[in-house]
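Keep in mind it's a predicted model, so treat the numbers as computed, not measured.
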Amino acid sequence: RPKLTGPELLCQLKDKVEVVTLTSDLQPFSSLPWASQLPSKQLTSDLGPFRTCAVVSSAGSLHNSGLGKEIDSHDAVLRFNTAPTSGYEKDVGSKTTIRLINSQVMASDEHRFLSSSLYSTGVLVAWDPAPFSANLTQWYNKTDYPIFTQYQRYRKLHPLQPFYILHPHFEWQIWQRIQDNMAEPIQKNPPSSGFQGTVLMMSLCEAVHVYEFLPSRRKTELCHYYQRFFDAACTLGAYHPLLYEKNLVKRMNRGSERDIYTHGRVTLPGMSALNC
Ligand code: NCC
């Protein structure tokens, strides 16, 4: 099998991956009493298109990066899980347009999902590691974490904040792109929030900058810029096929090596800007 070039990979991603979110009219949700809590429209029809977007990984190498102003200069900024801005503005900026969270964050007591103000800025988008070939009913009856009960609780407390749930097709379509472009079998776990968020923003924006997903010269074993916890697996991956994701992003990058080295910055075209 020939190794695809960057432009070919980008076109494959555009062709085979679609951002789909759960809507109130979708079975089996439409028959449930809480269906009306789900958005009536797709995330991609409610939000954007944006011109420039920043995806801010949570990597420890953002510490002392001084990238805050540059990140905030984008039209939309995506952040992940429990990553804060307060107190870290100089390095990561303060604008949050979208926060992509995994279902573990919604469910675990330590993250105070229902009560912390961390989650109240911007649009929330959640995903759950769904079984690979499950249909929506099978997934609904056996989610990895209780994403749906927590979603209903959160919506009751914050009815005005837009909040979407990604269709599990999205994570597995991305997984399939990674697998089809690697010589070896990769672990059958969904891609990291970082890569899912990158593809999400490529669908909403004309141009995307991703920060410290491919580590800069500040590369460190510090897991997150906001915590003093050290583990190289945060950057290299264990559960998620993170190293393979990074390999693909490296191939798709339209920016320079120097941008990665100095800014941890990757430049990707939005899907709408692609001529496939
Ligand atoms: O750590 P996490 O990710 O929240 O980071 C968000 C995304 O940033 C990229 N990243 C992060 C750290 C690092 N040193 N290098 C990086 O490239 C990754 O792309 C990552 O996805 C997740 O993907 O949802 C993840 O979530 C955490 C955890 O659930 C949340 O932070 C909440 O505490 C997972 N950690 C554990 O389960 C212990 C992590 O594996 C993946």
Side-chain angles (χ1 to χ4, degrees), residues 47-48 50-102 104-106 110-113 116-127 161 191-202 204-205 207-237 240 242 245-246 249-250 253 255 258-268 270:
L47 210 61
F50 302 106
R51 202 169 57 80
T52 64
C53 294
V55 173
V56 188
S57 89
S58 305
S61 47
L62 275 159
H63 178 67
N64 279 339
S65 69
L67 286 166
K69 278 208 180 103
E70 171 172 333
I71 288 170
D72 277 350
S73 74
H74 294 79
D75 298 322
V77 178
L78 175 76
R79 301 182 193 277
F80 299 100
N81 295 324
T82 65
T85 53
S86 177
Y88 304 90
E89 291 88 348
K90 212 169 167 299
D91 293 332
V92 302
S94 59
K95 183 190 281 191
T96 304
T97 315
I98 306 179
R99 183 175 292 273
L100 179 59
I101 56 178
N102 66 42
Q104 183 187 23
V105 168
M106 296 170 72
E110 72 173 294
H111 300 308
R112 308 250 170 278
F113 179 62
S116 166
S117 62
L118 179 68
Y119 308 101
S120 59
T121 312
V123 173
L124 287 176
V125 182
W127 70 277
Q161 187 180 7
S192 73
S193 296
F195 194 44
Q196 292 190 45
T198 299
V199 178
L200 174 69
M201 289 314 252
M202 288 172 73
L204 293 177
C205 315
V208 179
H209 283 139
V210 188
Y211 291 93
E212 293 289 1
F213 186 64
L214 301 188
S216 68
R217 62 184 170 200
R218 291 177 295 276
K219 184 177 159 119
T220 166
E221 293 200 350
L222 178 65
C223 183
H224 297 126
Y225 67 81
Y226 53 88
Q227 270 176 341
R228 288 206 206 139
F229 170 70
F230 292 82
D231 185 354
C234 295
T235 304
L236 304 176
H240 298 292
L242 193 57
E245 300 169 17
K246 294 187 182 205
V249 168
K250 178 116 209 253
N253 178 30
R258 181 109 204 126
D259 278 0
I260 298 175
Y261 186 70
T262 59
H263 289 71
R265 180 178 67 211
V266 157
T267 306
L268 297 170

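- For the pair Y211 and V92, the minimum side-chain heavy-atom distance is 4.5 Å or more.
- With rounding to the nearest 0.5 angstrom, the SG atom of C223 is 15.0 Å from the CZ atom of R228.
- For H111 and F113, the ring centers sit 6.0 Å or farther from each other.
- Here the side chain of Q196 pairs a donor or acceptor atom with the backbone of P191 at under 3.5 angstrom.
- Closest non-hydrogen pair, V105 versus N102, comes out as N-OD1, 2.9 Å.
- Residues N81 and R99 approach most closely at O-NH1, 2.9 Å, considering heavy atoms.
- Between the side chain of S65 and the backbone N or O of D91, at least one donor-acceptor pair lies under 3.5 Å.
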_Pair I98-L204, side-chain contact (heavy atoms from CB on, under 4.5 Å): steps then yes or no_ = CA-CA 11 Å; I98 306 179; L204 293 177; 3.7 Å; yes
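- Aromatic rings of Y88 and Y225 (six-membered ring for Trp) have centroids within the 6.0 Å cut-off, being under it.
- The shortest distance between side-chain heavy atoms of V249 and F213 falls below 4.5 Å.
- No side-chain heavy atom of S57 sits less than 4.5 Å from a side-chain heavy atom of V210.
- Using a 4.5 Å heavy-atom threshold, the side chains of V55 and F195 count as separate.
- Between V77 and I71 the shortest heavy-atom distance is CG2-O, 3.6 Å.
- Taking NE2 of H224 as the reference point, atom NE2 of H63 lies at 14.5 Å (rounded to 0.5 Å).
- Annotation: the span from T121 atom OG1 to K95 atom NZ amounts to 13.0 Å, rounded to 0.5 Å.
- Scanning all heavy atoms of the two residues, the minimum distance from F80 to V56 falls at CD1-O, 3.2 Å.
- Of the possible polar contacts, one joining the T52 side chain to the D75 backbone as a donor-acceptor pair under 3.5 Å is found.
- Heavy atoms only, all atoms of each residue included: H240 and W127 are closest at CE1-CH2, 3.8 Å.
- Listed here is the closest heavy atom pair of T262 and R218: O-NH1, 3.2 Å.
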*Residues D259, R265; criterion salt bridge (charged side-chain N to carboxylate O under 4.0 Å, His left out); working and verdict*: CA-CA 5 Å; D259 278 0; R265 180 178 67 211; 3.0 Å; yes
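- Side-chain contact check for S192 and E245: at least one donor-acceptor pair (N or O, by modelled atom type) lies under 3.5 Å.
- Taking CG of L62 as the reference point, atom CD of E212 lies at 5.0 Å (rounded to 0.5 Å).
- To the nearest 0.5 Å, atoms SG (C53) and CG (L268) are separated by 11.5 Å.
- The closest donor-acceptor contact from the side chain of N253 to the backbone of T267 lies under 3.5 Å.
- Remark: L78 CG to C205 SG distance equals 8.5 Å, nearest 0.5 Å.
- Annotation: side chain of E70 is in contact with side chain of H263 (closest heavy-atom distance under 4.5 Å).
- Using a 4.5 Å cut-off on side-chain heavy atoms (C-beta onward), K246 and T235 make contact.
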